[in-house]
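A quick write-up on the structure given underneath.
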Amino acid sequence: MKHMIIYAHPNPKSFNHAIKEKIISEIGNKGEEYSFISLYDEKFNPVLASSDFEALHRGEVLPDVAKSQSMIKEADHLIFIYPIWWFGQPAILKGWIDRVFSNGFAYYEDDKIFTPFMTGKSATVYVTLGTAKEVLVQNDMEIDNFMRDMTLGTLGLVGIYPVNVVPFYAIPKISDAERNSMLESIVI
Ligand SMILES: Cc1cc2nc3c(=O)[nH]c(=O)nc-3n(C[C@H](O)[C@H](O)[C@H](O)COP(=O)(O)O)c2cc1C
């Protein structure tokens with residue numbers, strides 16, 4: 001099994017950073033392989049621009065996109081790690097998906113037919129939230145509802161299955177002991 005970790009958090013002191021470290025250590029313990037991209041460290045340009053479309057029309061792929069696409073091609077399992085910001089992904093991750101999951105790579109679509117190209121791969125999506133689970137439930141905002149853009153509308157659409165979501169709630173409000181026990185619960 002080869003994993004690809006897609007990590008989107010700017011702060012090395014964050015809980016997301018600790019999750020990423022734990023996952024890398026778990027993969028090592030299992031003797032499995034992984035590739036890794038930190039979107040902030042790479043300063044990945046998340047803006048899908050006319051240069052992307054022009055490259056596609058020439059049958060080419062821009063170098064930063066090509067690098068991520070070749071990592072995806074080699075992976076069996078994608079691991080996303082990011083904080084929930086405004087009930088979605090950080091913009092840098094949204095833009096990475098916009099540019100990397102392109103027509104002809106992640107799927108093929110013409111006038112009549114949509115064909116997913118990422119079948120055979122699976123994914124786990126680790127997300128952190130500031131809000132407690134109970135508050136979301138009280139407000140009819142369960143995680144399955146707002147993760148659908150990612151799980152069904154993005155990963156599912158291009159054929160990735162299964163997609164497992166692992167949420168960590170109320171991160172800024174809980175104790176170090178609670179955060180440590182969350183980290184302990186992560187098993188690859
Ligand atoms: C720009 C921004 C938007 C946020 N939006 C949400 C949100 O929609 N829902 C939520 O539960 N928490 C939200 N938060 C809180 C973060 O999700 C939370 O602080 C983070 O997941 C904690 O993990 P970290 O220490 O690794 O950053 C937001 C934080 C920021 C900075």
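Indexing begins at 1, ligand by ligand and atom by atom, following the structure's order.
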Between Phe168 and the options Val127, Ile19, Leu129, the side chain to side chain contact (heavy atoms under 4.5 Å, CB included) test singles out Ile19
Going by side chain to side chain contact (heavy atoms under 4.5 Å, CB included), Asn103 matches just one of Phe117, Phe114, Tyr108. Which one?
Tyr108
Does this structure show an ion pair linking Asp64 with Lys67, if we count only N-O contacts that are shorter than 4.0 Å?
no
Under a 4.0 Å N-O cut-off, is there an ion pair linking Glu26 with Lys22?
yes
Do Leu136 and Glu142 come within less than 4.5 Å of each other through their side chains, counting heavy atoms only?
no
Glu178 side chain to Ser175 side chain, donor-acceptor N/O pair below 3.5 angstrom
yes
Pocket residues of ligand 1, ordered first by chain and then by residue number (heavy-atom cut-off under 4.0 Å)
His9, Ser14, Phe15, Asn16, Pro83, Ile84, Trp85, Trp86, Phe87, Thr128, Leu129, Gly130, Thr131, Ile171, Pro172
